[in-house]
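Right, one structure below, let's go through it.
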Amino acid sequence: MTPDLRVKIAGVEFANPIMTASGCAGYGEELAELYPLSKLGALVTKSITRNPRQGHPPPRTVETPGGMLNAIGLANVGIDNFLKEKIPFLEKQKTKVIVNVAGSTIEEYVEVCSRLADCERVDMVELNISCPNVDEGGIEFGSNTMMTEKSVREVRQVFKRPIIAKLAPNVTSIVEIAKAAEQGGADALSMINSVIGTSVDINTWSPHLSNVTGGLTGPAIKPIALAMVNDVYDNCKLPIIGIGGITDYKDVVEFMLCGAVAVQVGTALFVDPTTPLKIVDGLKIYLKSKKLNSVADLVGKVKNR
Ligand code: RRO
């Protein structure tokens, strides 16, 4: 018997627990040239803001041991162009669509989400209250419990389908932020966004990134993400979507054992865009070898609780 890979989050059923991470597959068009997006549990878009943004000047990515740093600076097409130019393509894709939303004020999150509320193709929104690379908004909201609760609560008024709050690791207590998102009415959490870091060119003595600091992603951050997922699972009731350095099915199993019901694959897509397909195949073999009928049987089963 083939194991059941379907998972449910806030009443929405996903074909499998593997999603793309925001910012790592744009709006899905390039990935769809390689394989049908129906192979994914969900496509998560690049963050959308009210107005189009150019982002930071290059260089805005650099490799580091076990990962990469990025300081893209929220480059995106803006909500008008997203609805006009990207949604028609997404309408044709047989996968769940999660739109990541960012803003520099709560009003901006509310405005963008109210526009998305009218668009049935958008299955869920993921509130990016954790971008490390912009001066206003982003992590400014996601590192403060009151702002986290308020931003989720206000979006809740205008967006009736499920809301995911995407959490930052660059905080004193991620559990407190998770609880604040729950209090505000979030349906799920995704974690973690990138870890603030930098690197320097020893010949020029300049930072590699034009923005000086960036967000560290990739396998280097996996142990940090796992510990945080484990902690939040123990202290908060919301379903968790695990993110951080996932490159193969073994990483997914670890995240699910620690409490994630689904995961997002980010940096690994830049190395091999077919990573999600390989993970799905690997998961099926693993589950069979463990005589498990459903991937959901893994969730939270790590032997520390
Ligand atoms: O665009 C970015 O620089 C960026 C964002 Br919005 C984010 O949430 N996380 C990240 O590592 N980079």
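Atoms within a ligand are numbered from 1 in the order they appear, just like the ligands themselves. Counting begins at 1 with the first residue of the sequence.
In this structure, CE on M256 lies 9.5 Å from CG on D297, to the nearest 0.5 angstrom.
Shown in contact with N128 at under 4.0 Å from a heavy atom are these atoms of ligand 1, numbered in order with element: 6 (Br), 7 (C), 8 (O). Residue S47 approaches ligand 1 through these ligand atoms, each under 4.0 Å from one of its heavy atoms: 6 (Br).
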Inset, instruction - Determine, step by step, whether T198 and L209 satisfy the side chain to side chain contact (heavy atoms under 4.5 Å, CB included) criterion, reporting the C-alpha distance in whole Å, the side-chain angles of both residues, the deciding distance to 0.1 Å, and the verdict. - result: CA-CA 8 Å; T198 193; L209 297 170; 5.6 Å; no
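Between the side chains of T61 and N70, no donor-acceptor pair of N or O atoms lies under 3.5 Å. For the residue pair S130 and N128, a side-chain donor N or O sits within less than 3.5 Å of a side-chain acceptor on the partner. Side-chain contact annotation: H56 with S210, donor-acceptor N/O pair under 3.5 Å absent.
In terms of polar-atom proximity, K46 is counted as a contact of ligand 1, with an N or O under 3.5 Å from an N or O of the ligand. Between G73 and ligand 1, at least one N/O pair is under 3.5 Å apart. Note: no N/O pair closer than 3.5 Å links G215 and ligand 1 by distance alone. Polar contact with ligand 1: present for L74 (N/O pair, distance under 3.5 Å).
In summary, R121 and E91 do not engage in a salt bridge, as defined by a charged side-chain N under 4.0 Å from a carboxylate O. With respect to R161 and D187, no salt bridge is recorded, no charged nitrogen being found less than 4.0 Å from a carboxylate O.
Note on ligand 1: S130 sits outside its first shell, no heavy atom being nearer than 4.0 Å.
Contact annotation: the side chain of V232 approaches that of M191 to within less than 4.5 Å [non-hydrogen atoms, C-beta and beyond].
Looking only at protein heavy atoms, the nearest one to atom 6 (Br) of ligand 1 is C131 SG, 3.2 Å. For atom 9 (N) of ligand 1, the nearest protein heavy atom (residue, atom name, distance) is N193 OD1, 2.8 Å. Atom 11 (O) of ligand 1 has S194 OG, 2.6 Å as its closest protein atom, hydrogens excluded (heavy atom only).
The proximity of N70 to ligand 1, defined as any non-hydrogen pair under 4.0 Å, is limited to the side chain.
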